[in-house]
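Single-structure report; data block below.
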Amino acid sequence: MSTEEAMPVEDDPPDIGTTRGMVQDAAVRNYLFAGFAALVMVFLVMFSKNSDVGGLTLALLGAAGMLFRWPAAPSIFLLLLLWFLQFPFGLPPAYSDNRELRYGLLRVTDVLLAFSVVVYLASHFRIYGMTTQAMPVEPQFGSWRPQPIRRPATMSRGNEVVRFLYLAGAAVLAGQFLWLLTTAFEIDVAGDFPLQVADEVPRWRRGGDFALWYARMLVILGLGFFGTLLARLVFGYWRLRRLSAAQGRMMLQESDWTETRRERVRIEVWKRAKRSPTRTPGRG
């Protein structure tokens, strides 16, 4: 018996775009476990809020969305989450508490719910990018269509999920801090400093000042604008510092193409006109 006959033939690994391939790939499997754990926590938190039907619906929708890579599942998940938070039993009347807006900061259930939702959404999109499509496909004419570009699973290192959980926790804490600023402060245009600690009595009851919701809207818009500007400057500079020489050349080349596009098109048209034979008047 020859050596080739004695050696067992190894089957090719299944496509990562199938359910079997997702389970067998270590990188995708880690995000599946993270997403499933987040959905279990969402169900428990919603159950504690007397919304067992809502928690079960959200958990089943999220699990099916990750397994079958439904691109619309996260949007529907968020809409249903808002609905069941407002209507815990699924139907009106709505849940209402006058102290919810002011004293609903850093509660364990709310922090766990926000963290679980962020982890599920990020896991869903990471799984979708590695198994289905990570970048938009360029439009092509004709019957041929290019294959969607996936994020290589080999790029997911062993500690990527850990860093992913740390970033999700930091995002939740940043949201809680923003909520503290918008609920604990109000705008007083006549004061020496426009931001002041909000009193117990809302401004809309005192009269003559900004409504409380209007002041909070201005605070959110101001923090969002200046925070985004500062983050763009800091992280943009940090990204430029981390670029390699090859990446820097690519960025400069792309900038050169973008800035000189019209001149290059004009030169190419002139070259084509010089190469083409001169047409005789009266002929074609």
Side-chain angles (χ1 to χ4, degrees), residues 17-19 22-23 28-134 136 148 151 161 164-165 167-180 182-183 213 216-217 220-221 224:
T18 62
T19 304
M22 292 169 54
V23 175
V28 181
R29 186 169 61 246
N30 290 336
Y31 284 104
L32 279 174
F33 288 161
F36 289 151
L39 291 174
V40 171
M41 185 58 63
V42 169
F43 170 76
L44 294 177
V45 173
M46 295 300 293
F47 184 80
S48 68
K49 294 179 178 292
N50 299 322
S51 182
D52 49 352
V53 176
L56 183 61
T57 303
L58 292 172
L60 293 177
L61 174 64
M66 287 192 300
L67 288 176
F68 299 105
R69 284 90 64 197
W70 292 341
S75 301
I76 301 176
F77 181 91
L78 291 178
L79 291 176
L80 288 178
L81 178 63
L82 293 176
W83 176 267
F84 284 111
L85 286 177
Q86 187 68 20
F87 306 104
F89 300 102
L91 295 174
Y95 171 78
S96 61
D97 187 358
N98 296 330
R99 301 172 300 174
E100 184 77 17
L101 188 64
R102 183 67 182 273
Y103 301 103
L105 180 70
L106 288 177
R107 289 185 301 192
V108 177
T109 55
D110 292 343
V111 172
L112 288 177
L113 180 61
F115 178 76
S116 302
V117 171
V118 172
V119 171
Y120 157 69
L121 294 178
S123 300
H124 179 95
F125 285 114
R126 183 52 59 88
I127 293 172
Y128 188 83
M130 288 191 295
T131 60
T132 305
Q133 182 177 348
R151 182 180 188 268
V161 176
F164 154 74
L165 295 176
L167 290 175
V172 172
L173 293 179
Q176 291 290 314
F177 178 72
L178 180 62
W179 182 255
L180 172 64
T182 55
T183 55
W213 70 268
R216 286 169 177 161
M217 183 186 68
I220 292 177
L221 291 179

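Note: hydrogens, waters and symmetry copies are ignored here, and every other heavy atom, side chains too, is used. Owing to the predicted nature of the structure, the values given are computational and were not obtained by experimental measurement.
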At what distance, to the nearest 0.5 angstrom, does CZ of Phe115 lie from CG of Leu173?
9.5 Å
Which donor-acceptor pairs under 3.5 Å do side chains of residues 63-74 form with protein atoms, sequence neighbours excluded?
{"residue": "Arg69", "atom": "NH1", "partner": "Leu67", "partner atom": "O", "Å": "2.7"}
{"residue": "Arg69", "atom": "NH2", "partner": "Gly17", "partner atom": "O", "Å": "2.1"}

Which heavy atom of Ser123 sits nearest to which heavy atom of Ala34, and what is that distance?
OG-CB, 3.9 Å
Applying side chain to side chain contact (heavy atoms under 4.5 Å, CB included), run through Met46 and Val53 and close with a yes or a no.
CA-CA 9 Å; Met46 295 300 293; Val53 176; over 6 Å; no
Just jot down the side-chain hydrogen bond (donor to acceptor under 3.5 Å, both in side chains) partners of Tyr31, sequence neighbours excluded, or say none.
Arg126, Glu160
Residues forming a side-chain contact (heavy atoms from CB on, under 4.5 Å) with Val45, sequence neighbours excluded
Met41, Ser48, Lys49, Thr109, Leu112, Leu113
CG/Asp52 to CZ/Phe89 distance, rounded to the nearest 0.5 angstrom?
8.5 Å
Looking at CG of Leu58 and OG of Ser116, how far apart are the two atoms once the value is rounded to the nearest 0.5 Å?
11.5 Å
To the nearest 0.5 Å, tell me how far Leu85 CG sits from Leu80 CG.
11.0 Å
So Tyr128 and His124, would you call those rings parallel, tilted or perpendicular, with 30° and 60° as cut-offs?
parallel
Can you list the residues that meet the side-chain contact (heavy atoms from CB on, under 4.5 Å) rule with Leu78, with sequence neighbours excluded?
Val117, Leu121
Under the ring-ring contact (aromatic ring centres under 6.0 Å, His included) rule, what pairs show up with a residue in residues 35-60, not counting sequence neighbours?
none
Smallest heavy-atom separation, Pro88 atom then Ser51 atom, equals O-OG, 2.8 Å
Note: Phe77 and Val42 closest approach over all heavy atoms is CZ-CG1, 4.3 Å
Work out which heavy atom in Leu39 is nearest to a heavy atom in Gly62; give both atom names and the distance.
CD1-C, 3.4 Å
From Trp83 CH2 over to Thr57 OG1, what is the distance, rounded to the nearest 0.5 angstrom?
13.0 Å
By ring pair (Phe, Tyr, Trp, His ring centres under 6.0 Å), which residues pair with Phe84, not counting sequence neighbours?
none
